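For reference, the structure discussed in these notes is given below.
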Amino acid sequence: MHFESDRITRLILAASKKAHRETGASPDSRIVKIVEWPVTCTVGPGLEGAIACESKVGYVNGAQGGLSYRGYDIFDLCAHSNYEEVCFLLLIGNLPSKAELRGFSDKLRDYLHIPDVLRQLAGFPIERMNPMAALRLGTNLMRHEQTDLDFLRGKADEAKIGTDEDSIPMETLPRGEEHAIYEFRRRQPIRDRNLAACCRLISGVASMAAAIARMREGHLPLAPDPELSYAGNVLYMTSGERPSAEETRIMDVALILHADHGMNASTFAALVVASTLADVYSSVSAGIGALTGPLHGGANEQVMHMLRGIGSVANVKPWVKATLAEKKRVMGFGHRVYKVYDPRARVLAPLAALSGRGKVANKGLFQIAAALETEIASRLGKKGIFPNVDFYSGLVYTGLGISERMFTPMFAVSRVAGWTARILEYLKNNRIFRPRVMYSGAVDRHYVPIAARRPARRKKR
Ligand code: ACO
C-alpha cells in the first residue's frame, strides 16, 4: 500500500520485532470470551484494577507491552493500514472491503467541511484561548449546528420530534442506544444515525484542531483538499502546505497509534457522559476535557518543555538525579497499565528521529530524549517505568511542523475514533455509570447555629 514510504514500514516492522523479542508474543490467557456479570475485582485508588465494562474494541496487554484494535496488532496496523481504515475497523468491527473503504474515506473527507462551525468558532478569541478549551467549545458548537440542520431537514415529516433529544418522550423508547440518537431523520436506521454523528465528530475535531492552529497564528482556516488523504489533510489544513508522502505517512502512523487505548481516563470520561444518555457531542467534549491534563494527553506538551529545559545530553544525568531526589514526575514516563515498554513509544521513537532530521525546531532534542530514556530506564525500569506514548509524540509532531500548543489537540484528533467507537458499543447495552465512594468523613455531628459557632481550629502542617 505504501510504496513511497517503505522505509517507514521497515522501521515499524523492526520495532515490532524488537517488542516481540523483549516482551514476548504469547497469547494472553486473561482474555475472556464471555463475561458474566457481576465480576469480582480488586480495586485500588484511582479505580486501579476496576472493570468498568466489557468491550471488543481494543485490548491493552500491560504485562507484555501489547496493543490491538479489534484483534489486529498495532504494529501490523501501523505497517500496513491507514487511519481511515482503522477508524472503520474501530467503529464497525472489521476491516473494510475496497468499496467500503472508498465510501468511508470519502465520507470522512466530506465531513472535514464544517464552514458553519468554523465561522461560529471564529467569533471567539481563539488566539487567546487554551487550544483544548477551544476544541471543546467547537465540539459543542458542532452539536448546535447539527441540531439546527436536523430541525430544518426533518421538519416536514417529523413535526412531532423536537430539535433536542431531551424533548423525545423517553418512555416511548427502550433503554440503550435509541435514547442517545442525535440525528432524527427517520429514514435512516438508528445505528447509521449514530455512526454518522461519530464520523462527523472524527472529521470535525480534525478540522477544528487545524483551524484553531491557524487562527492562533492569525491565519484563516483552510478547506480540505480533495486530493489528499485524511492524514495529508490534517497536515495541510494545519500548515497550509501540501505535505510530502513521507510526512503524510508519519502523520498517518501517529494517528493510528493514538486512536484507541482501553479504558484510559478520557475514554472513561466520554463513556460516563454517554451513559447518562447525553449526546455523543457532549461525550466527546468530556473526553477532550479529560485528555487535557498533564497526567494524560497533556503530557506530550510538557515533555517538550522538559527536553528544552534539560538543554543538553550532558545535563541529562544531573537533571534526572535532581528531579528524582525532589520526587518529581518525569513527563512522558510511566503508565497505569504498561509495566514494560509502551508499544506506541517503540514506533514513535524512530519516527521522531526521522521526522526531526535537519529541522531547526528539533535540534538536539532527540538526542536528549534518547539519553533521558536510557537514564530513566536504568533507574526506574525495575519499577516498570518506561517511555509512554507521550514521550516521543511531541518530537514527531514538531518534525511535522505542528506547534507545541497543538500537540494535545492532535492527540484528541486521533482519539475521537476510540471515544466514539466505544460510545457506540457501550450504548448498545447502556447502563449509567455510578460507582460508589467509601465515606470516611465525620458522623453524627449536631448542627450549631451560626451565632454559637467558634472558628474551626486549623490543623498544623
Ligand atoms: N516519573 C517518576 N516516577 C514515576 C513516574 C514518572 N513519570 N510515574 C510513576 N512513577 C512512580 C511513582 O512515584 C510511584 O513510585 P512509588 O511507588 O515509589 O511511590 C510509582 O511509580 C507508581 O506511580 P503511580 O502514581 O501509582 O502510577 P499511576 O498509575 O497512578 O500513574 C501516570 C500513571 C499518571 C501515567 C504516571 O506514571 C505519571 O504521572 N506519568 C507522567 C505523566 C505522563 O507521562 N502521563 C501520560 C501517560 S500516557 C497517557 O495518558 C496518554
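Just the heavy atoms: all of them, side chains too, but no hydrogens, waters or symmetry mates, feed the values below. Numbering of ligands and ligand atoms starts at 1, following listing order. Because the structure is a prediction, the values reported are computed rather than measured.
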Which bit of P294 gets closer than 4.0 Å to ligand 1, counting heavy atoms only: side chain, backbone, both or neither? backbone

K383 heavy atoms, cut-off 4.0 Å: which ligand 1 atoms fall inside? 15 (O), 16 (P), 18 (O)

Kindly identify the option in R329, R336, K339 whose heavy atom sits closest to atom 24 (P) of ligand 1. R329

F268 pairs by ring-ring contact (aromatic ring centres under 6.0 Å, His included) with which of Y426, F433, W419? F433

Using distance only, find each side-chain donor-acceptor pair of residues 325-332 under 3.5 Å and give its atom names and separation, not counting sequence neighbours.
residue : atom : partner : partner atom : Å
E326    : OE1  : K328    : NZ           : 3.0

Polar contact flag for V330 and ligand 1 (N/O pairs, less than 3.5 Å): yes

Give a yes or no on this: more than 12 heavy atoms of other residues, nucleotides or ligands lie within 6.0 Å of atom NZ of K107. no

With backbone taken as N, CA, C and O and side chain as the heavy atoms from C-beta onward, which portion of V303 lies under 4.0 Å from ligand 1: side chain, backbone, both, or neither? neither

Mode of I385 contact toward ligand 1 - side chain, backbone, both, neither (heavy atoms, under 4.0 Å): side chain

Mind checking whether H258 and F411 have parallel, tilted or perpendicular rings, split at 30° and 60°? perpendicular

Determine if the distance from atom 51 (C) of ligand 1 to the closest protein heavy atom is below 4.0 Å. yes

With heavy atoms of D390 as the reference, note each atom of ligand 1 found under 4.0 Å away. 46 (C), 48 (S), 49 (C), 51 (C)

Using a 4.0 Å heavy-atom threshold (strictly under), name the region of L295 that reaches ligand 1: side chain, backbone, both or neither. both

For ligand 1, the portion of F411 having any non-hydrogen atom under 4.0 Å away: side chain

Within the structure, does at least one protein heavy atom fall under 4.0 Å of atom 22 (C) of ligand 1? no

In plain terms, say whether E22 and R346 are close enough for a salt bridge, that is, a side-chain N and a carboxylate O under 4.0 Å apart. yes

When you measure from atom 35 (C) of ligand 1 to every protein heavy atom, which one gives the shortest distance, and what is it? G334 O, 3.7 Å

Heavy-atom protein neighbour under 4.0 angstrom from atom 10 (N) of ligand 1: yes

Between S229 and T248, does a side chain to side chain contact (heavy atoms under 4.5 Å, CB included) hold up when you go through it step by step? CA-CA 8 Å; S229 68; T248 305; 3.5 Å; yes

Is a donor from one side chain sitting under 3.5 angstrom from an acceptor on the other, for D279 and S282? yes

Side chain or backbone, does N388 bring an N or O within less than 3.5 Å of an N or O on ligand 1? yes

Polar atom proximity, H296 to ligand 1 (N or O, under 3.5 Å): yes

Decide whether a cation-pi geometry holds between R109 and Y230; the criteria are a distance under 6.0 Å from NZ or CZ to the six-membered ring centre and an angle within 45° of the ring axis. no

Give the numbers and elements of all ligand 1 atoms closer than 4.0 Å to a heavy atom of G332. 43 (C), 44 (O)

For the student: nearest non-hydrogen atoms of P224 and L112, plus distance: CG-CB, 3.7 Å

Inspect the contact between D260 and R415 and indicate whether a charged nitrogen and a carboxylate oxygen are less than 4.0 angstrom apart. no

For V389, atoms of ligand 1 separated by under 4.0 Å from a heavy atom: 51 (C)

Salt bridge or not between E425 and K56? Use side-chain N to carboxylate O under 4.0 Å. no

Looking at ligand 1, does any of its N/O atoms fall within less than 3.5 Å of an N/O of F333? yes

Any protein heavy atom under 4.0 Å from atom 26 (O) of ligand 1? no

Element-labelled atoms of ligand 1 that are located less than 4.0 Å from some non-hydrogen atom of A299: 43 (C), 44 (O), 45 (N), 46 (C)

Sequence neighbours excluded, which residues qualify as salt bridge (Lys or Arg N to Asp or Glu O under 4.0 Å) partners of D76? none

